Amino acid sequence: MTEYGRGPGSEPWHPEDPLYGDQGWEGRQAAHGQGQYGDQQQSYPQDPYAQQHQNHQQYQGHQQPYDQHQQYGQQQNHQHQQQNHQQYGTPEQDPYAQQPGAQPQYNGGWDTGQQAAMPYGAEPQGPYAQHPGGYDTGQDYYGTPEAYPPPQPPGRRDTAPEQQQPQQQASTDWDPDQPQEETHPFFTGADGPGDREPRDDDDDPDDDGSRSARRDRGGNERRGGKSKKKSRSGCACLVVSVVLVGGLGGVGYVGYTFWQKQFGAPADYAGSGTSEQVEVEIPEGAFGYDIANILRKQGVIKSSDAFVAAQNDNPKGKLIQAGVYLLNKEMSAASAVTLMLDPKSQNALVIPEGTRNTTVYKMVDKRLKLKEGTTADVAKTKAESLGLPDWADDNPDVKDPLEGFLYPAAYPVAKGSKPEDALKRMVARANKEYGKLDLEASAKKLGLKTPWELVTVASLVQVEGKYKHDFDKVARVVYNRLKPGNMETVGRLEFDSTVNYIKGQSTLDVGAVDDLRKIDDPYNTYKIIGLPSGPISNPGADALHSAMNPTPGPWYYFVSINEDKTVFAETNEEHEKNRREYEDGKAGQ
């Protein structure tokens, strides 16, 4: 028989303790620090003896019926939870409270707690092992700060399993004087919203206040973070796939290219090409692959490798020179090499030795299909910007400052180019050839003032000397007549070529000497003493060499006897004799 107001395992009742409802002392007391019917609960520190008290109550199991108060207690408990949630948020939870998943045990009476989890292999302890002194001790656990809360009434004690935290194992070496380190995931943050995904069996948020609060705080962020993670994962997979595919493609292309170079024949057209022709310019210093790349870009050949191979197979393939070639499109490499070795394919603008500038200008106009006189106007207005050397004479008596600097050679003058481009190439070539020689030193040795005068002598030798083997003696005649003590011509050159230059003609019959001396022109060597104001033609390498290295001799005159012979004389009488013999022999033929 249970004592009135007491039961096995219960503590003595104190008069100042409030009654629970109007049931008198047969009802249980309200939780320590809590008023009747769901009054606001006071905050107490967690009591390490709370779990042991529950074990003590568990082992007793003698409770009073509570059916008549269950419905009312549940209503009060629901109101109490709403008040606490609104004022203080999620209530502080005890790490030693019952864990989720554990079912509350009812023995027909008031169940004040669950049995503590027992470590495996630990010795079971009695329900009163943690209470030294038993009932005889004078300590009141309800009246001290260390007091554990009394059991909850049924309505307030029945919480959903989802609110209860996993139960911790009771430590057998707990020291009340040492501060306890929280290990529960709820307090350490390990069970944060971002650490787990919502389960399919989660209850509705309205039925679980604490879970609803957690969802409100982190649910959206968790779901958003997950989608971002999925998005980033998808992008990463896509990037990896693209890299792998690109890498495999690159490896395949490199392998195929290597195989083609090592074992496959280079791409090539067949035959001599189409009827469509194209003008191709090959610059100086271009060989092998340089020429092949130019031809490939113009559509003449299909691949550079094929042309280089054909050039190496042809014994004369290395003789292809700079110039302009008229070729067909889509030719085989071998056909292109053969055609470029044929002079008929070369479409370069060739400047012969001794050609005057007026003739060169007309050739350029015709080649570029320009109006006659266009190139001459460019030469006159842009002479200073075409690259003449510093020693070129800018004397106003000079008829054409470019005379003597349009070096005789073959030039690539392609259709569509500008006349100044062609002139620049010619002047650049003259500078290159003249630069190979020490013109200044040679001029001083021969009694000339500047390289300009040396080039002028070479231009006279080029026109007066009919044959190259006579150039050395003709050059000596020039220097002998320029001597100050010359009594034969009194320092005058008296060359018909200078009169022809003035008149823009080319003939042997220039007129009588007396008439020629009347022509007032700085280029008229029948009147002036010394050299003309400038060159009268564009000398070649042979004439320039003879002007620098004249043959020693006393000659002042010369006359051509036949197609391959020139007679040189020391005096005018000898010269006149030779001339009459030449004319008589020619008349007798």
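Remember, predicted model here, so these are calculated numbers, not experimental data.
Checked by atom type, the side-chain pair S537/R356 shows no donor-acceptor distance below 3.5 Å. With no hydrogens or angles considered, a side-chain donor-acceptor pair links S304 and N293 at under 3.5 Å. Counting only N and O atoms by type, the side chains of S332 and S335 include a donor and acceptor under 3.5 Å apart. Side chains of N328 and T274: a donor-acceptor N/O pair is absent below 3.5 angstrom, by distance only.
Using a cutoff of 4.0 Å between basic side-chain nitrogens and carboxylate oxygens, E284 and K432 are scored as salt-bridged. Ionic pairing of K424 and E420 is not present here: no N-O contact between side-chain nitrogen and carboxylate oxygen is shorter than 4.0 angstrom. Between K415 and E279 no salt bridge is recorded (no basic side-chain N to carboxylate O distance below 4.0 Å). Using a 4.0 Å cut-off between charged side-chain N and carboxylate O, R517 and E494 make a salt bridge. Under the 4.0 Å criterion applied to side-chain N and carboxylate O atoms, K468 and D542 are assigned as salt-bridge partners. Ion pair E576/R579 flagged as a salt bridge, since at least one NZ, NE, NH1 or NH2 atom sits closer than 4.0 Å to an Asp/Glu carboxylate oxygen. Salt bridge absent: K371 and D377 never bring a charged side-chain N and a carboxylate O closer than 4.0 Å.
Relative to the six-membered ring of Y557, R481 meets both conditions, a distance below 6.0 Å and an angle of at most 45° to the axis.
Under a cut-off of 6.0 angstrom, the local environment of CD in E440 is sparse, with at most 12 non-hydrogen atoms contributed by other residues, nucleotides or ligands. The number of heavy-atom neighbours closer than 6.0 Å to NZ of K418, taken from other residues, nucleotides and ligands shown, is 12 or below. Atom CD of Q321 sits in a sparse spot, with 12 or fewer heavy atoms from other residues, nucleotides or ligands closer than 6.0 Å. Within 6.0 Å of CG in L508 there are 12 or fewer heavy atoms belonging to other residues, nucleotides or ligands. Applying the 6.0 Å contact sphere to CD of E384 captures no more than 12 heavy atoms from other residues, nucleotides or ligands.
Judged purely by atom type and a 3.5 angstrom limit, N578 has no side-chain atom pairing as donor or acceptor with the backbone of F558. The closest donor-acceptor contact from the side chain of D268 to the backbone of A333 lies under 3.5 Å.
With values rounded to the nearest 0.5 angstrom, S497 atom OG is found 3.5 Å from E464 atom CD.
Checked options D438, V457, L439; the residue passing with M548 is L439 (criterion: side-chain contact (heavy atoms from CB on, under 4.5 Å)).
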### Message
Y361 vs D400, test: side chain to side chain donor-acceptor pair (under 3.5 Å). Steps then yes/no.
### Response
CA-CA 12 Å; Y361 298 151; D400 189 347; 2.8 Å; yes

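Between G387 and N431 the shortest heavy-atom distance is O-ND2, 2.8 Å. When all heavy atoms of A409 and R429 are compared, the closest pair comes out as CB-NH1, 3.4 Å.
Using a 30° and 60° split on the angle between ring planes, F405 and Y434 fall in the perpendicular class, above 60°.
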